[in-house]
Amino acid sequence: MRRLTQSLCLALATVSASPALAQTSPFAGVWLFDDAPDYPGVTMMQIEQRGRVLTGVVTSEWYGPMAMQDVRVEGDTIRFTMRNLNDRSRATREWTATRSGNTVHLTGHIWSTDAEQDGRRGTAADAAQRTFRVMPLPPEQALSPDGLAQTPPMGWSSWNKFAEHIDDATVRAMADALVSTGLRDAGYIYVNIDDGWQGERAPDGTIQPNDKFPDMKALADYVHARGLKLGIYSSQGPKTCAGYEGSYGHVQQDAQTFADWGIDYLKYDLCSGEWFYDTRDTVIRSYQEMARAVRATGRPMIFSICEYGRFDVGSWGRAAGGHLWRTTGDITDEWQVMANIGFDHNGNPANTGPGGWNDPDMLEIGNGGMNHDEYQTHMTLWAISAAPLILGRDLRETTPEQLALLTNRDVLAIDQDAKGVQGTAVRKADGVEIWRKPLSDGSVAIAIFNRNDAAVTADLLPADIGLGTVRQMRDLWSGDTLAPDATKFNLPAHGSVLLRIS
């Protein structure tokens, strides 16, 4: 991967040095790191002395100039702290730089990774060659609805199963599988390439796919010919989460490239942008910048905001041009993780509805970490929450049992209901939760969840349903019509029931 040769902006953070620092410190000046590891890719450290005060920045090809804080000189070592991105559990992390003549050994920790690099003395001319170009953001300007995503988007994404190990042939195979399994006809129409497709930029700055994707336009044509739509992924930072080329400094250019390829869906992931887009204002403006660039191309694209639920994203996601916005960190194929996200971190229901949706992340059904009852609960919870339904497994390995969960048309109708209401819990007791969702035809969906590790018998009360008279009750998973006055439901551990009541 090409290493960026970038450096700091002019502003330096001011921090106190040792009172004994009277003469020019041997640490002052430019330090270059020529063999930067892929992450965090520190390329330079610059330290300036003003009287008894040292100021400085560490420049990363992922995060740009990072201000050094609380600098202390201890013999041939300086110690300092740096902000640890947006990790509120560890707001700052300790770094050290130990000098030996004209070399320096730098150690530190950023996000969840240890950094250790050796550097050498550099000059002002060296620093100028590695200058990080800080890009201004446009002023905040809300975008109007564009009519897309009137129901939660449905499709497939490469990340949960393949991560960055994705290629053209696999994407084509997933498109074919959506058709052959009937998933396309059930509504799963988006084929989304997540991280790992990016190559270098051409001399004019145009992003190129890597060797695994020889022709993006041809791939889009292949997907479109099967009645499907193609999605892609980028980041507003210099690097994507997997370390590929982000859209920083090329926002308008990338949006036009995506449109020229025939892209229909863009997931925009904060990733390395989270260092300098670290406030509500800058995050909103960075998403609005790409949303406006996409709309300027004239090609309709679903815009997926992925910044992990920060800064109450649901309250401004629509104004930033979003059609869905992540409410949480990444899901994994584990009961506790899925349940924590789906039950407790699925976004404010007041923010969701036609044109914009809370996104608790992708479906893990079929990846092997949960049993059938847990996967049924996963699907039930996402459906009653009006969540986007984005599959995250190898579709070629879908079993009939899994396919039945994913293509149950009565269950999908709850998720895709035109009223667009996100269901909410109306009663919780002893590990059992009753959720209700009003539907466009005047009926209601009722989900009964057992969060316990053992089977239970759950009671359904008239107050849970909220209708004056019950004429019909259907169990959507079994397909059975139940007695209108049914009140007792047997649920296995981590199991669920989904009812449509009119």
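Just so you know, these numbers use all the heavy atoms, side chains as well, and skip hydrogens, waters and symmetry mates. Here, residue 1 is the first one in the sequence, and each next residue gets the next number.
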Considering the options Asp269, Thr327, Thr328, Asp330, which one meets the side chain to side chain donor-acceptor pair (under 3.5 Å) requirement together with Tyr308? Asp269
List the residues meeting side chain to side chain contact (heavy atoms under 4.5 Å, CB included) with His494, not counting sequence neighbours, and say none if there are none. Trp335, Glu374, Asp453
Any side-chain donor paired with an acceptor under 3.5 Å for Glu364 and Asn367? yes
Distance-only side-chain donor-acceptor flag, Asp195 / Thr240, under 3.5 Å: yes
Looking at Glu307 and Arg280, is there a salt bridge between them, counting it only when a charged N and a carboxylate O are closer than 4.0 Å? no
Salt bridge between Arg120 and Asp34, side-chain N to carboxylate O under 4.0 Å? yes
Tyr63, Tyr248, Trp62 screened by ring pair (Phe, Tyr, Trp, His ring centres under 6.0 Å) with Phe276, the one that passes: Tyr248
Does Asp254 have any salt bridge (charged side-chain N to carboxylate O under 4.0 Å, His left out) partners at least two apart in sequence or in another chain, and if so, which? Arg201
Filter on salt bridge (Lys or Arg N to Asp or Glu O under 4.0 Å), then keep only pairs touching residues 342-361, sequence neighbours left out; what's left? Arg326-Asp361, Asp344-Arg451
In terms of side-chain heavy atoms, does Thr107 have a donor or acceptor partner in Thr96 at a distance below 3.5 Å? yes
Is the closest basic N to carboxylate O distance between Glu74 and Arg79 below 4.0 Å? yes
With side-chain contact (heavy atoms from CB on, under 4.5 Å) as the test, pick out the partner of Phe33 among Thr59, Asp118, Leu106. Leu106
Under 3.5 Å, is there a donor-acceptor pair between the His105 and Gln117 side chains? no
Separation between CH2 of Trp197 and CG of Asp167, rounded to the nearest 0.5 Å: 15.0 Å
Is the closest basic N to carboxylate O distance between Asp168 and Lys212 below 4.0 Å? no
Can you check whether Trp316 reaches Ile284 side chain to side chain, under 4.5 Å on heavy atoms? yes
Would you please name every residue forming a side chain to side chain contact (heavy atoms under 4.5 Å, CB included) with Thr352, sequence neighbours left out? Trp357, Asn358, Gln422
Side chains of Asn450 and Asn452 only: does a donor on one sit below 3.5 Å from an acceptor on the other? yes
Are Asp38 and Lys239 close enough for a salt bridge, meaning some N to O gap below 4.0 Å? no
Would you please indicate yes or no on a ring centroid separation below 6.0 angstrom for Phe449 and Phe343? yes
Quick one: side chain to side chain contact (heavy atoms under 4.5 Å, CB included) partners of Asp394, sequence neighbours excluded? Lys161, Phe162, Met174, Arg396, Glu397
Rounding to 0.5 Å, atoms CG (Leu137) and OG (Ser286) come to a distance of 6.0 Å
Hey, is Asp333 close enough to Arg393 for a salt bridge, meaning N to O under 4.0 Å? no
Describe, in one word, how the ring planes of Trp382 and His378 are oriented to each other, choosing from parallel (under 30°), tilted (30 to 60°) and perpendicular (over 60°). perpendicular
Taking atom types as modelled, is there a side-chain donor on Thr377 or Thr380 under 3.5 Å from an acceptor on the other? no
Partners of Arg121 by salt bridge (charged side-chain N to carboxylate O under 4.0 Å, His left out), sequence neighbours excluded? none
Flag the pair Trp156 / Asn192 as yes when at least one side-chain heavy-atom distance between them is below 4.5 Å, and no otherwise. no
Side-chain heavy-atom pair Ile232, Leu266 within 4.5 angstrom cut-off: yes
Are the side chain of Thr257 and the backbone N or O of Gln253 linked by a donor-acceptor pair below 3.5 Å? yes
Spacing of CG belonging to Leu230 relative to CE belonging to Met216, to within rounding of 0.5 Å: 7.0 Å
To the nearest 0.5 Å, tell me how far Asp215 CG sits from Tyr222 OH. 14.0 Å
dist Trp95:CH2 -> Ile78:CD1 (nearest 0.5 Å) comes out at 12.0 Å
To the nearest 0.5 Å, what is the distance between OH (Tyr188) and CG (Leu391)? 5.0 Å
Quick one: do Asp260 and Arg299 satisfy salt bridge (Lys or Arg N to Asp or Glu O under 4.0 Å)? Show the steps, please. CA-CA 9 Å; Asp260 293 342; Arg299 182 171 183 83; over 6 Å; no
